Amino acid sequence: MRVTCVVNGETREADDVWPGESLLFVLRERLGLPGAKNACEQGECGSCTVYLDGQPVCACLVAAGQAQGRTVTTVEGLAPGSGEEQLDRVQRAFLATGAVQCGFCTPGLIVAVHDLLARDPAPSDPDIREALAGNLCRCTGYEKIMEAVRLAATS
Amino acid sequence: MTMRPITFFRAGSIDEAVAAVSSHPDSAFLAGGTTEIDLLRLNVVQPTLLVDVNDLPLTYLEDVDDGGVRIGAMARMSDVARAPRIVERYPGMSQALLLGASEQLRNMASMGGNMCQRTRCSYFRDGQSPCNKREPGSGCSALTGINRGHAVLGTSEQCIATHPSDVAVALVALDAMIRTIGPDGTNAIPIERFFLRPADTPSIEHPLAHGELIVAIDVPALPVARTSRYVKHRDRASYEFALVSVFSAMRVDDAGNVAELRLALGGVGTVPWRAHRAEEALIGRPATPENFAAAADAEFADARTTPMNEFMVTFAKRAIVRELSEVTS
């Protein structure tokens with residue numbers, strides 16, 4: 001099937017899509033957007049988090065057909081440019097605090113934190129932990145990620 | 001990824017959705033997809049036609065019957081959890097929603113889809129072990145396998161798979177009604193009859209005809225539910241299925257007797273478990289820890305355990321006593 005959706009502000013098309021494949025596969029393998037990562041493929045780890053019609057979802061559990069006609073924003077769409085000054089405040093905070101180690105969970109976390117701060121500009125630590133419960137990181141032990149969220153909230 | 005041929009069709013109306021699924025034997029509705037797409041890729045479910053119902057006008061919440069709420073089947077879990085009328089009238093239901101899954105999954109998962117959520121039994125999900133729910137007649141690997149998290153209530157010799165939903169536990173306590181539209185017209189199913197215990201046919205989980213679509217969930221007005229609560233005990237603090245969860249709504253009268261009680265349990269049953277025996281044991285009796293314990297004993301009198309999950313009975317009884325004691329104090 002052909003899937004057409006608006007991705008990061010541009011109308012994009014993918015052809016010969018298997019209806020059972022994921023939005024994540026379409027983004028990464030057909031549209032050349034490898035920011036969202038493919039890890040668990042079952043909604044456990046959050047590394048594939050993207051906005052679908054304004055809501056963060058696990059792109060690995062969205063069927064390609066479900067994205068037809070929808071609006072998608074990936075981590076690539078959060079920053080207007082690639083220079084460090086042009087990054088989103090969440091991305092800058094992750095850099096500044098060293099909240100990135102292997103980097104695999106980072107794009108999903110960036111999107112999840114971006115959404116959290118849009119809903120709650122000054123989240124408490126327990127609120128941050130609960131909001132990010134669906135994003136697993138196997139390197140950092142989360143402390144630097146907590147620091148990054150606190151910094152992003154105040155920047 | 002196995003590239004089985006699948007046809008994808010997005011329905012523009014309820015009638016179109018019902019007609020598409022009911023006229024095709026290997027078809028399935030697709031709502032949020034957070035379980036279904038997972039199981040499809042694991043080859044546990046193998047539809048050849050997916051009928052996407054995400055465009056249907058079923059995302060509403062509206063008032064019904066002097067204080068009740070009708071929840072459209074496509075309302076997302078995250079939206080329902082935060083809706084003021086749910087938070088005010090049924091706080092335990094809001095808590096159950098927010099304690100389920102993760103933000104990402106709640107944003108996609110629908111209320112109707114949650115009612116059809118499949119078990120997390122690993123033998124069901126692996127797509128190959130003997131499993132009477134997935135492959136009727138093949139046997140139950142969980143009976144003698146790793147079954148620490150399996151059900152102790154409502155089980156059969158054919159299946160001990162635990163029902164995983166949190167919000168359904170709240171809804172059985174609240175006597176919700178499942179509204180459907182199918183090839184034979186509209187239907188309203190009291191929620192406790194919607195969840196079928198495995199008995200001899202574990203593969204049949206709901207009394208739905210092929211092509212019958214959940215369109216709404218009606219939650220009746222219930223003043224005592226305004227102080228309802230949901231507590232969930234699990235192996236980690238967040239983002240995990242329940243070992244034991246308790247939904248409670250209780251009113252104690254001036255004499256200290258239980259005047260009203262709605263009690264339901266998650267994590268322990270093959271279906272979301274309404275604790276009818278415990279309710280009956282307590283209503284009209286003094287709200288004391290001793291009576292709470294006796295009621296919990298009554299609820300688990302017929303529990304069927306394995307060496308790995310027998311701790312659940314003690315655990316669940318204590319969870320009930322603690323919850324009702326906290327509500328009382």
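Below, chain A is the first sequence line, B the second, and so on; all start at residue 1. Just so it is clear, the structure is predicted and the values come from calculations on it, not from any experiment. Note: hydrogens, waters and symmetry copies are ignored here, and every other heavy atom, side chains too, is used.
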### Message
Are the side chains of Met108(B) and Gln55(A) in contact, using a 4.5 Å heavy-atom criterion?
### Response
no

### Proximity breakdown for Asp38(B) and chain A, heavy-atom pairs closer than 4.5 Å
both

### Query
CG/Leu40(B) to CG/Leu61(A) distance, rounded to the nearest 0.5 angstrom?
11.0 Å

### Query
Is the backbone N or O of Cys60(A) less than 3.5 Å from a side-chain atom of Arg41(B), with the two atoms forming a donor-acceptor pair by type?
yes

### Message
Check this for me, if you would: do Asp55(B) and Arg70(A) make a salt bridge, where the nitrogen-to-carboxylate-oxygen distance has to be below 4.0 angstrom?
### Response
yes

### Message
Assess the residue pair Gln66(A) and Ile37(B) against the criterion (side-chain contact (heavy atoms from CB on, under 4.5 Å)); give the C-alpha distance rounded to whole Å, side-chain angles, the decisive distance to 0.1 Å, and a yes or no.
### Response
CA-CA 11 Å; Gln66(A) 284 176 293; Ile37(B) 296 302; 4.2 Å; yes

### Query
By a 4.5 Å heavy-atom criterion (distance strictly below it), what part of Leu52(A) contacts chain B: side chain, backbone, both, or neither?
side chain

### Residue selection (most heavy-atom pairs with chain A, distance under 4.5 Å) from Thr7(B), Leu50(B), Leu42(B), Leu105(B)
Leu105(B)

### Query
Hey, is CD1 on Ile146(B) packed in by over 12 heavy atoms from elsewhere, all under 6.0 Å?
no

### Query
Which atoms of Leu98(B) come close to chain A, meaning under 4.5 Å heavy atom to heavy atom: side chain ones, backbone ones, both, or neither?
backbone

### Query
CD1 of Ile6(B) to CD of Glu21(A): how many Å apart, nearest 0.5 Å?
10.5 Å

### Query
Does CZ in Arg322(B) sit with more than 12 non-hydrogen atoms of other residues, nucleotides or ligands closer than 6.0 Å?
no

### Contact origin within Ala64(A) toward chain B - heavy atom pairs under 4.5 Å
neither

### Query
By a 4.5 Å heavy-atom criterion (distance strictly below it), what part of Ala63(A) contacts chain B: side chain, backbone, both, or neither?
both

### Message
Are more than 12 heavy atoms, taken from residues, nucleotides or ligands other than Glu84(A), located less than 6.0 Å from that residue's CD atom?
### Response
no

### Task
Could you tell me whether the side chain of Glu103(B) and the main chain of Ala112(A) form a donor-acceptor pair under 3.5 Å?
no

### Summary
Here the pair of heavy atoms bringing Pro19(A) nearest to Phe8(B) is CB-CB, 3.7 Å

### Task
Give a yes or no on this: more than 12 heavy atoms of other residues, nucleotides or ligands lie within 6.0 Å of atom CZ of Arg138(A).
no

### Query
Is the side chain of Arg129(A) donor-acceptor paired with the backbone N or O of Ser238(B) at a distance under 3.5 Å, no angle test?
no

### Query
Do Gln42(A) and Arg125(B) have side-chain N/O donor and acceptor atoms under 3.5 Å apart?
yes

### Task
Examine distances only and state if a side-chain atom of Asn107(B) and a backbone atom of Val57(A) form a donor-acceptor pair shorter than 3.5 Å.
no

### Task
Please check if any side-chain donor atom of Asn135(A) sits under 3.5 Å from a side-chain acceptor atom of Gln104(B), or the reverse.
yes

